Amino acid sequence: MRKTLILTGASRGIGKALALELARTGYHLVLNARSEEPLKAVLEEVRALGAQAEMVAGSAGKREVAEALVERAKALGGFYGYIHNAGVLHPGPFLFELAEGLFLEVLDANLIAGYQLARFAYPHLLAQGEGLAVYVGSGAAKSNLPGIGAYAVAKAAEEHLARQLATEAPEVACFIYRPGVVETEMQRAAREAQGGAAPVLQRVFRGYKEEGRLLTPEEAAKGLVRLLPRARSFHGKIATWRDA
């Protein structure tokens, strides 16, 4: 039986590239993103590749969305786990300038969604004695670059969440995947950031592009998919596209 995975943040960028690469590799998928129409378009592309796929739109940080994702995955059969790729950046302002609603949105997409997925997926995965949980992390988790403070806080907490799950439930192969510096909407938003920290942020992120350091979403996605058969060897650790 083919394995079924939940994939968040699947409507664009690394998430879309992951959805297509996973489908080509033989996985069935339950796709998630906040924007419904772009998600539907990716769903159609995935199905065109021969994979069985469903979708649930909305923030996976919301209880009802995370629960629905797990139920859809179980209904497809062969539910094996999830890849939590969704994230929100809101670049530009210093942390103390960032509006409360924007700060909470960053936490919701990156951290709270990771908790909600574990909350509903882990009981099933533990009952079957195996599974997979991948958290797409970031080098921002260990940096203090002005202008992406909320994202850095959220990613540091998300990566700790993954390590905590790995310690508490060793039956489920759980690891962090840092994809590197990838050309995505987040990169473009950072290059055009506004706010108190924008000059620093623009200089750093424009430098990535000018120096030719950016990977494509497809390169980052293929790296992770190649690692999945070796997930157990990265349990509780950080993997990067270079490990593939």
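On a predicted model such as this, the values are computed, not experimentally measured, just so you know. The analysis underlying the following values was restricted to heavy atoms, covering all of them including side chains, and did not include hydrogens, waters or symmetry mates.
- Checked against side chain to side chain contact (heavy atoms under 4.5 Å, CB included), S35 has the following partners two or more places apart in sequence or in another chain: P38.
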- request: Evaluate the side-chain contact (heavy atoms from CB on, under 4.5 Å) criterion for residues L132 and L228: first the C-alpha distance (whole Å), next the side-chain angles of each, then the deciding distance (0.1 Å), finally the verdict.
  value: CA-CA 9 Å; L132 174 73; L228 294 184; 3.9 Å; yes
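- Of the inter-residue distances, the one linking K222 atom NZ with L18 atom CG reads 12.0 Å to the nearest 0.5 angstrom.
- Taking the side chain as every heavy atom from C-beta outward, R163 and T167 never approach each other to under 4.5 Å.
- Under the side-chain hydrogen bond (donor to acceptor under 3.5 Å, both in side chains) criterion, Y177 pairs with no residue at all, not counting sequence neighbours.
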message: Run the salt bridge (charged side-chain N to carboxylate O under 4.0 Å, His left out) test on R213 and E211 for me, step by step, so that the C-alpha distance in whole Å, both residues' side-chain angles and the decisive distance to 0.1 Å come before the verdict.
response: CA-CA 6 Å; R213 296 178 57 187; E211 295 162 13; 3.8 Å; yes
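- The two residues L111 and L161 have their closest heavy-atom pair at O-CD2, 4.1 Å.
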message: Before you tell me yes or no, could you show the steps for I83 and L224 under side-chain contact (heavy atoms from CB on, under 4.5 Å), namely the whole-Å CA-CA distance, both residues' side-chain angles and the distance that decides it to 0.1 Å?
response: CA-CA 10 Å; I83 299 174; L224 175 53; 4.0 Å; yes
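- Pairing each heavy atom of A109 with each of V88, the nearest pair is CB-CG2, 3.5 Å.
- Between G236 and A166, the shortest heavy-atom contact is CA-CB, 3.5 Å.
- In this structure the side chain of E218 never reaches within 4.5 angstrom of the side chain of E21, judged on heavy atoms.
- Under the ring pair (Phe, Tyr, Trp, His ring centres under 6.0 Å) criterion, the residue pairs touching residues 220-244 are F175-F234, with sequence neighbours excluded.
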Test salt bridge (charged side-chain N to carboxylate O under 4.0 Å, His left out) applied to E54 and R47, step by step: CA-CA 9 Å; E54 300 290 343; R47 287 176 172 171; 3.5 Å; yes
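- Counting only heavy atoms from C-beta outward, the side chains of R191 and Q202 never approach each other to under 4.5 Å.
- Taking all atoms of both residues into account, the shortest heavy-atom contact from V42 to L31 is CG1-CD1, 4.0 Å.
- Among residues at least two apart or in separate chains, ring pair (Phe, Tyr, Trp, His ring centres under 6.0 Å) pairs with a member in residues 183-223 are F205-Y208.
- Every side-chain hydrogen bond (donor to acceptor under 3.5 Å, both in side chains) that K155 has, sequence neighbours left out, goes to N110, E158.
- Side-chain contact check for R34 versus E105: some heavy-atom pair is nearer than 4.5 Å.
- Looking at heavy atoms from C-beta onward, R242 lies out of side-chain contact with R178 at the 4.5 angstrom threshold.
- Judged as a side chain to side chain contact (heavy atoms under 4.5 Å, CB included), and not counting sequence neighbours, the contacts of A169 are Y122, L126, E171.
- In terms of heavy-atom proximity, L69 sits nearest to A60 at CD1-CB, 4.3 Å.
- Under the side-chain hydrogen bond (donor to acceptor under 3.5 Å, both in side chains) criterion, K237 pairs with no residue, sequence neighbours left out.
- For an aromatic pair to be called close, the ring centres must be under 6.0 Å apart, and Y135 with Y82 satisfies this.
- With sequence neighbours left out, S59 forms a side-chain hydrogen bond (donor to acceptor under 3.5 Å, both in side chains) with D108.
- Once rounded to the nearest 0.5 Å, the distance linking CG of L89 with CG of L102 reads 11.0 Å.
- Remark: L43 CG to E45 CD distance equals 10.0 Å, nearest 0.5 Å.
- Judged by distance alone, with hydrogens and angles left aside, the side-chain atoms of S138 form no donor-acceptor pair with the main-chain N or O of A141 at under 3.5 Å.
- Side-chain contact between P146 and F94: present, with at least one pair of heavy atoms (C-beta onward) separated by less than 4.5 Å.
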Audit row: E159, K142, side-chain contact (heavy atoms from CB on, under 4.5 Å) steps and yes/no: CA-CA 10 Å; E159 291 192 359; K142 61 177 184 179; over 6 Å; no
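- At most 12 heavy atoms of other shown residues, nucleotides or ligands fall within 6.0 angstrom of atom CD in E100.
- Scanning for ring pair (Phe, Tyr, Trp, His ring centres under 6.0 Å) contacts around H124 gives F79, with sequence neighbours left out.
- Taken to the nearest 0.5 Å, the OG1 atom of T8 stands 6.0 Å off from the CG atom of N32.
- Here Y115 pairs with nothing under the ring pair (Phe, Tyr, Trp, His ring centres under 6.0 Å) rule; sequence neighbours left out.
- Nearest heavy atom pair, residue A152 against residue S143, reads CB-O, 4.1 Å.
- Annotation: ring pair (Phe, Tyr, Trp, His ring centres under 6.0 Å) contacts involving residues 13-58, sequence neighbours excluded, are absent.
- Taking NZ of K40 as the start and CD of E37 as the end, the distance is 4.5 Å to the nearest 0.5 Å.
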field: Test side-chain contact (heavy atoms from CB on, under 4.5 Å) applied to L227 and D243, step by step
entry: CA-CA 8 Å; L227 291 174; D243 293 310; 4.0 Å; yes
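- In this view, R230 satisfies the salt bridge (charged side-chain N to carboxylate O under 4.0 Å, His left out) rule with no residue, not counting sequence neighbours.
- In this structure, the side chains of L215 and P179 stay at 4.5 Å or more apart for every pair of heavy atoms.
- Here the OG1 atom belonging to T4 is positioned 5.0 Å from the CG atom belonging to L76, to the nearest 0.5 angstrom.
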